[in-house]
Amino acid sequence: ISTSQLFLYIITQKGCENMSDILTASQTARVIGCSAQRVRERLKRGIWDFGTVVKAKQSGKTQDSYEVNKYKLAKFLEISTEEIDRRLSA
């Protein structure tokens, strides 16, 4: 099973219904109140488990990308997904 297939399975099982349920490292940083670099490093090291590192090699891009599941982030922060949306729109 490829990483992209596994990720699709995970987001399907965890309630991500569309791409707006996937956040970038920058969006996640805004919600948490830290730098995007901190988000990327902690996801890469496995310290935070609410997101996935998509390796450049797998995506055909030149850099790794980071995808964060909004529902897992809400659970981690113990806030609602509506609060995440509010923080992103502020």
Side-chain angles (χ1 to χ4, degrees):
I1 186 167
S2 72
T3 302
S4 59
Q5 290 171 322
L6 178 60
F7 183 71
L8 181 60
Y9 173 77
I10 290 169
I11 63 172
T12 302
Q13 296 302 310
K14 296 296 179 186
C16 288
E17 297 171 2
N18 57 53
M19 289 308 290
S20 67
D21 295 336
I22 303 298
L23 305 178
T24 64
S26 296
Q27 290 172 313
T28 303
R30 201 154 85 219
V31 171
I32 294 173
C34 67
S35 70
Q37 185 61 32
R38 175 172 277 178
V39 172
R40 288 189 288 269
E41 286 298 322
R42 292 186 180 209
L43 288 174
K44 187 185 285 187
R45 293 179 183 172
I47 296 168
W48 289 343
D49 64 353
F50 47 74
T52 305
V53 180
V54 180
K55 295 290 184 183
K57 187 175 167 182
Q58 295 167 330
S59 65
K61 297 184 180 179
T62 57
Q63 293 183 334
D64 293 347
S65 61
Y66 300 81
E67 297 178 339
V68 173
N69 179 311
K70 184 193 308 187
Y71 298 96
K72 289 175 116 180
L73 178 61
K75 184 176 179 180
F76 176 81
L77 296 174
E78 298 180 351
I79 62 174
S80 68
T81 55
E82 291 80 11
E83 176 62 15
I84 289 176
D85 293 336
R86 187 193 68 73
R87 291 181 188 188
L88 288 172
S89 65

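Count residues from 1 along the sequence.
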CG of L23 to OH of Y71, rounded to nearest 0.5 Å, is 10.5 Å
If I compare all heavy atoms of V54 with all of S59, which pair ends up nearest, and what's the gap? CG1-CB, 3.9 Å
Inter-residue atom distance K72.NZ - T52.OG1, 0.5 Å rounding: 6.5 Å
Where K70 and I84 come nearest, the two heavy atoms and their spacing: O-CD1, 3.5 Å
Measure the CG-OG1 distance between L73 and T81 for me, rounded to the nearest 0.5 Å. 10.5 Å
Pair up each side-chain donor or acceptor in residues 40-49 with any protein partner under 3.5 Å, not counting sequence neighbours, and list the distances.
| from | atom 1 | to | atom 2 | distance (Å) |
| --- | --- | --- | --- | --- |
| R40 | NE | Q37 | OE1 | 3.3 |
| R40 | NH2 | Q37 | OE1 | 3.0 |
| E41 | OE2 | Q37 | NE2 | 3.0 |

Salt-bridge criterion met for R87 and E83 (N-O under 4.0 Å): yes
Might you point out which heavy atoms bring A29 and A36 nearest each other, and give the distance in Å? CB-N, 3.5 Å
Scanning both residues in full, the closest heavy-atom pair of T28 with F50 reads CG2-CE1, 3.9 Å
Restricting to non-hydrogen atoms, name the atom on L88 and the atom on Q27 that form the minimum distance, rounded to 0.1 Å. CD2-O, 3.4 Å
Taking only residues two or more places apart in sequence or in another chain, which ones pass side-chain contact (heavy atoms from CB on, under 4.5 Å) with K55? V53, Q58, D64
